[in-house]
K.L.:
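To start, I am sharing the structure in question, which I have written as structure tokens.
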Number of protein chains: 2
Amino acid sequence: MTAPHPALRLFLRRLSLRSRLTEEEQRAILAMRGHVGQALPNRDIVPPGHRVDHSCLVAEGLAGRFGQLPDGMRQITAIYIPGDMCDLHSAMLPRVEWALQALSAPLTYVKIPHGELLRVSRAYPAVAEAFWRDCVVDASIIAQWVVSLGRRSAVARAAHLLCEMALRIESAGQGTRTTFDFPATQIHVADALGITAVHMNRVVRSLRQRGVLAWTGRTIRILDWDALVHIGSFDEGYLEFHPDAERRPM
Amino acid sequence: MTAPHPALRLFLRRLSLRSRLTEEEQRAILAMRGHVGQALPNRDIVPPGHRVDHSCLVAEGLAGRFGQLPDGMRQITAIYIPGDMCDLHSAMLPRVEWALQALSAPLTYVKIPHGELLRVSRAYPAVAEAFWRDCVVDASIIAQWVVSLGRRSAVARAAHLLCEMALRIESAGQGTRTTFDFPATQIHVADALGITAVHMNRVVRSLRQRGVLAWTGRTIRILDWDALVHIGSFDEGYLEFHPDAERRPM
DNA sequence: CGGAAAGTTGACGTCGATCAATTCCAGTGG
DNA sequence: CCACTGGAATTGATCGACGTCAACTTTCCG
């Protein structure tokens with residue numbers, strides 16, 4: 001038996017942030033088999049309108065979930081970091097209506113067949129609930145994006161997203177909340193915030209000039225965390241860290 | 001044994017749109033016990049920042065999930081119709097960060113204890129997956145809202161939402177896609193679309209003048225479905241109707 | 001060293017916000 | 001039966017955030 005892929009350990013770490021799993025359940029998750037893949041930005045890893053039979057686990061880099069409009073405009077509806085199973089939900093709804101693309105060059109990911117995921121989740125009810133809970137956390141994050149897009153200014157939206165990414169990256173052990181690798185372009189972030197690349201640039205400039213942010217190349221340094229939290233009126237509650245003692249199946 | 005509440009039958013109907021359940025599993029769902037509640041708009045049914053021990057199933061009327069900002073602005077992140085279990089996800093994450101409010105006067109709902117939901121889902125893996133899938137469908141809808149808020153104009157957003165509500169209401173057996181009861185106010189819809197009530201009114205006027213929509217009192221009549229679909233560049237795929245033959249646990 | 005993609009900046013236009021009335025309507029009490 | 005009331009709907013005038021268009025510069029990578 002070969003060693004599990006490091007990305008699976010990250011995935012287990014993410015699950016363990018919100019769900020308690022026994023040794024055995026953890027072993028079962030780590031034992032899932034998959035195929036490693038690589039991808040470059042601007043080409044679909046998962047194309048919309050098709051049926052998929054596997055979920056993609058980010059191993060290295062960033063991935064984004066894209067909604068497309070007939071006029072060519074696109075909107076990112078989720079950003080995934082290492083340890084995120086981008087489309088765990090496709091195990092329940094295998095016909096997908098969105099696209100998955102790399103936001104970094106390169107992106108490394110592991111394709112886990114739905115068969116593996118369902119086998120483990122059906123063998124261990126606690127794993128099924130951990131997967132279910134993971135999807136719920138994803139939905140909770142998307143709901144916050146709705147709030148941002150609906151009611152926050154462009155600068156506030158940017159600040160909020162940066163806070164979110166900082167904490168998620170920190171909790172995944174991929175950096176600290178004030179200094180982390182962020183290989184996406186301003187264009188990608190603009191597509192996530194629902195603004196144009198031009199305006200995104202002005203937003204970044206504004207945050208830079210206020211001495212809140214330093215964003216050079218692929219690294220982001222947050223120089224004034226409290227200010228950023230304030231600008232984005234950020235409240236980390238929705239990220240749902242901290243597993244709950246009562247969440248074990250009986 | 002008393003008869004199950006009619007709302008439970010609607011809920012089962014909703015689940016059955018996407019998941020296949022055996023007779024026994026269906027009976028187990030219908031056997032869940034709950035307490036009926038009523039609510040008026042503008043008062044929290046579920047307040048944010050608290051732990052809940054039950055999920056709310058809409059029986060009659062409309063409910064909305066609200067995100068709140070410090071400055072008092074609010075954004076609706078989901079609209080629920082009869083048969084929707086508003087916060088089924090709270091069974092997995094009982095500490096909620098949003099509020100639930102009535103969008104109609106009155107709203108009737110059934111509070112189902114998490115204990116009941118978890119008991120049934122742990123007894124029947126297929127039910128657990130049906131619940132999981134239901135949450136995934138909710139997330140899929142929210143993701144479309146992100147696309148709307150990020151990249152569509154106000155009129156397009158309104159048209160898209162109306163199409164969505166029409167199909168959801170039709171599939172719940174509460175009307176047809178062209179004529180249905182919609183007891184929410186323009187203010188509520190504005191809060192869902194991320195625009196002001198004033199502009200919402202102009203949007204409605206525009207759709208009315210184009211002969212697409214008639215919205216009088218609590219009834220909506222869509223006079224030109226194709227036009228509405230076109231204006232909102234609406235594609236119903238994300239609503240995920242039609243259960244899938246391969247979705248049964250083995 | 002050359003080319004493409006990303007980043008950056010300015011000028012100008014527009015969609016939707018804001019402010020401020022006014023009208024409509026259901027419910028309520030006299 | 002009618003005045004009264006408060007929320008919703010409606011409309012106009014004005015303003016500002018962000019989009020659009022069009023350069024130009026920097027960075028990256030072969």
K.L.:
Is B/Q186 close enough to D/dG7 that one of its side-chain N or O atoms is under 4.0 Å from OP1 or OP2 there?
P.N.:
no
K.L.:
Which pair of heavy atoms, one from A/S233 and one from A/R152, lies closest together, and at what distance?
P.N.:
OG-NH1, 2.6 Å
K.L.:
Can any side-chain N or O of A/R151 pair as donor or acceptor with the backbone N or O of B/R74 at less than 3.5 Å?
P.N.:
yes
K.L.:
Supply the atom-to-atom distance B/L162 CG to B/I231 CD1, rounded to the nearest 0.5 angstrom.
P.N.:
10.0 Å
K.L.:
Checking the side chain of B/H230 only, and the main-chain atoms of B/L228 only, is there a donor and an acceptor separated by less than 3.5 Å?
P.N.:
no
K.L.:
Between residues 148-158 of chain A and DNA chain D, which residues have a heavy-atom gap below 4.0 Å?
P.N.:
A/S153, A/A154
K.L.:
Strictly distance-based, threshold 3.5 Å: is any side-chain N or O of A/S55 a donor or acceptor partner for the main-chain N or O of A/D87?
P.N.:
yes
K.L.:
In terms of ring plane angle, is the pair B/Y238 and B/H160 parallel, tilted or perpendicular, where the classes change at 30° and 60°?
P.N.:
parallel
K.L.:
Between A/A184 and A/W215, what is the shortest heavy-atom contact and its length?
P.N.:
O-CZ2, 3.8 Å
K.L.:
How many whole angstroms separate atom CZ of B/R218 from atom C1' of C/dA26?
P.N.:
13 Å
K.L.:
Taking the side chain from B/H50 and the backbone from B/P48, do they hold a donor-acceptor pair closer than 3.5 Å?
P.N.:
yes
K.L.:
Take the protein atom CD1 of A/I195 and the nucleotide atom C1' of D/dA17, then report the distance between them rounded to whole Å.
P.N.:
11 Å
K.L.:
Can you tell me how far the CE atom of B/M165 sits from the CD1 atom of B/I220, to the nearest 0.5 Å?
P.N.:
9.0 Å
K.L.:
Expressed in angstrom and rounded to an integer, what is the separation of B/F182 atom CZ from D/dA8 atom P?
P.N.:
15 Å
K.L.:
Taking atom C1' of D/dA9 as reference, at what distance in whole Å does atom CD1 of B/I220 sit?
P.N.:
15 Å
K.L.:
Could you tell me which residues satisfy side chain to side chain contact (heavy atoms under 4.5 Å, CB included) with A/D138, sequence neighbours excluded, listed by chain and number?
P.N.:
A/R14, A/Y80
K.L.:
B/I187 CD1 to D/dG6 P: how many Å, rounded?
P.N.:
16 Å
K.L.:
For A/L193 and D/dA17, give me the distance from atom CG to atom P, rounded to whole Å.
P.N.:
17 Å
K.L.:
Near DNA chain D, under 4.0 Å by heavy atom, which residues of residues 196-208 of chain A?
P.N.:
A/T196, A/V198, A/H199, A/R202
K.L.:
Quick one: closest heavy-atom pair of A/V96 and A/P47, and the distance?
P.N.:
CG2-O, 3.8 Å
K.L.:
Expressed in angstrom and rounded to an integer, what is the separation of B/H188 atom NE2 from D/dA9 atom C1'?
P.N.:
14 Å
K.L.:
Quick one: bend of the helix from C/dC1-D/dG30 to C/dG30-D/dC1 from 5 pairs per end, to 10°?
P.N.:
40°
K.L.:
How would you summarise protein contacts on nucleotides 23-30 of chain D per nucleotide, using B for base, S for sugar-phosphate only and - for none, with heavy-atom distances below 4.0 Å?
P.N.:
--------
K.L.:
Check the distance between C/dC25's C1' and B/W215's CH2 and give it to me in whole angstrom.
P.N.:
16 Å
K.L.:
Rounded to the nearest 0.5 Å, what separates atom CD1 in B/I81 from atom CZ in B/F182?
P.N.:
9.5 Å
K.L.:
Please answer whether the main-chain N or O of B/R168 pairs with a side-chain N or O of B/S171 as donor and acceptor at a distance below 3.5 Å.
P.N.:
yes
K.L.:
Report all side-chain donor-acceptor pairs from residues 98-106 of chain B shorter than 3.5 Å, counting only partners two or more places apart or in another chain.
P.N.:
from   : atom 1 : to     : atom 2 : distance (Å)
B/Q101 : NE2    : B/D44  : OD1    : 2.8
B/S104 : OG     : B/L62  : N      : 3.0
B/S104 : OG     : B/P106 : O      : 3.2

